[in-house]
Number of protein chains: 2
Amino acid sequence: MYALALAPGQAYLLIDRKNVRLMPDTRTQILDLAENAIRLRGYHAVSFRDLADEMGIKSASIHYHFRHKEDLGLAVVDRYADRIATQVGAPDAQDWPRSLALFCQVYRDALRKNQLQCLCGMLAAESAGLPDKVATRVSEFFRGNIAWLTAAMPPDMPDKPGLALRIQCQLQGAMTVAVSLKDLSVMDRAAQQICASAAD
Amino acid sequence: MYALALAPGQAYLLIDRKNVRLMPDTRTQILDLAENAIRLRGYHAVSFRDLADEMGIKSASIHYHFRHKEDLGLAVVDRYADRIATQVGAPDAQDWPRSLALFCQVYRDALRKNQLQCLCGMLAAESAGLPDKVATRVSEFFRGNIAWLTAAMPPDMPDKPGLALRIQCQLQGAMTVAVSLKDLSVMDRAAQQICASAAD
DNA sequence: ATACATCTACCTACTACTAGATAGATACAT
DNA sequence: ATGTATCTATCTAGTAGTAGGTAGATGTAT
């Protein structure tokens, strides 16, 4: 079996007689599992041991990649924020309805993809009990979203920051309620209503 | 020192030579502390030991009142739901704007009173990692709120359940974002906007 | 005498985290 | 080409501390 690094921190191309498979490297695998676990159960309910067991390695090996739990938490949040930023791209003030629809879509996908709420929704709820740095990154994520929405609005719009904040809150709340009620359509309906009310 | 039970599960009248004080009984004290701790840090970050230390008793004594952590969680949620139900009273379909304002006010007070988010907001976020019964009560709380709002709307209103759900989500999201941004005015602005948009 | 509430003292399982070792790959100077 | 040193990723085996939970004794009020 041969393993070939494609890009640092990304993946190995694993080659054996039967398969040619793209396998995430260990660090990426840890981040993936940690993100899922946090989004499902919350920061405090995630343990190095559980993650390690799921991967078939020892918890000490996770500490090799992320010295402290806080480091893992920060890495998960940063990667998540980057991913969302990539997905929404640069705000386009030329076409506000389209930008808004895209924003809502990204939020909906986050929930729909694996029935898990947005990472920062979970961490925001927990924020008073998180390590300071992690809580700060989470609030920066929200501030970034609000700034993006504001920048995507046409110049003549009144009370842009107020509307941006409202949209952020609505999507966030819909996600939380959808998860609790186990009814993901709550999220879809919220997104639809937000887009519709922005069209006038 | 004399202690006189005023009402079961409520309080003792503590009398010593210096003071006549109303002291919550142990069970109530545990519920108070647990509720605060859960609203601040989340279910999993609350421990019997911490609660006991804060009260100056032993954790075994908390187990006497609440055999399992799940029992404590259920009691906290039930008491919270009852309290909110008492605060909002019966829905009054004669005066929808007033009912809505009252509902929003109760939500705002929950946040404002001790800078802590709504219990069920926190637990809803964590719901996938909670004991089933606790998660169920939380979702019942939301369903109850939505039913209350629906019942308080005038009979001729279109899409009552949709609007009720939206209001619930907006308040919930505003609370989460307010806590993360450490800016409680987010909540006030959301409440104001909801009431304003219902006035037309 | 009984019921209640609390205590002491413990258990098992799990937490984050660490020290020290090792096998295998990589880099580089001779 | 070979030997030396370094790096990477993992392991075993542990630390101290905390989790929820329990059995049984002790005090106290009626």
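In what follows, chains carry the letters A, B, and so on, assigned in the order in which the sequence lines appear, proteins first and then strands, with residues in each chain numbered from 1.
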What residues in residues 38-52 of chain B put a non-hydrogen atom under 4.0 Å from any atom of DNA chain C?
-> none
So, using side chain to side chain contact (heavy atoms under 4.5 Å, CB included) as the criterion, who are the partners of [X] when residues are at least two apart?
X: Q192(A); answer: none
X: K133(B); answer: E70(B), L74(B)
X: A128(A); answer: L40(B)
X: H65(A); answer: T26(A), R27(A), I30(A)

Can you tell me how far C1' of dA19(D) sits from CG of L72(B), to the nearest Å?
->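 In whole Å, dA19(D) C1' lies 14 Å from L72(B) CG.
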To the nearest angstrom, how far is D53(B) atom CG from dA19(D) atom C1'?
-> 13 Å
Just distance, no hydrogens or angles: give the donor-acceptor pairs under 3.5 Å from side chains in residues 145-154 of chain B, sequence neighbours left out.
from, atom 1, to, atom 2, distance (Å)
N145(B), ND2, Q168(B), OE1, 3.0
W148(B), NE1, G89(B), O, 2.8
T150(B), OG1, I146(B), O, 2.7

Return all side-chain donor-acceptor pairs below 3.5 angstrom for residues 110-123 of chain A, not counting sequence neighbours, or 'none' if the list is empty.
from, atom 1, to, atom 2, distance (Å)
R112(A), NH1, D188(A), OD1, 3.2
R112(A), NH1, D188(A), OD2, 2.5
R112(A), NH2, D188(A), OD2, 3.3
Q117(A), NE2, A125(B), O, 2.9

Short side-chain N/O contact from T26(B) to OP1 or OP2 of dT6(C), under 4.0 Å =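 Affirmative; the distance criterion is met.
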Using the test salt bridge (Lys or Arg N to Asp or Glu O under 4.0 Å), find all partners of R166(A) that sit at least two apart in sequence or belong to another chain.
->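 Salt bridge (Lys or Arg N to Asp or Glu O under 4.0 Å) list for R166(A), sorted by chain: empty.
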Would you mind writing out the side-chain donor-acceptor pairs for residues 134-144 of chain A within the sub-3.5 Å range, not counting sequence neighbours?
from, atom 1, to, atom 2, distance (Å)
T136(A), OG1, D132(A), O, 2.9
R137(A), NH1, D78(A), OD1, 2.9
R137(A), NH1, D78(A), OD2, 2.6
S139(A), OG, T136(A), O, 3.0

Heavy-atom donor-acceptor pair, N36(A) side chain to L33(A) backbone, under 3.5 Å |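 No; zero donor-acceptor contacts below 3.5 Å.
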Name each donor-acceptor pair under 3.5 Å that joins a side chain in residues 170-178 of chain A to protein atoms two or more places apart or in another chain, with its distance.
from, atom 1, to, atom 2, distance (Å)
Q172(A), OE1, Y107(A), OH, 3.3
T176(A), OG1, Q172(A), O, 3.2

Members of residues 57-70 of chain A that approach DNA chain D, where some heavy atom sits under 4.0 Å away = I57(A), K58(A), A60(A), S61(A), Y64(A), H65(A)
Within the sub-3.5 Å range, which N or O atoms of nucleotides 21-27 of chain C have a protein N or O partner, and how far apart are they?
none

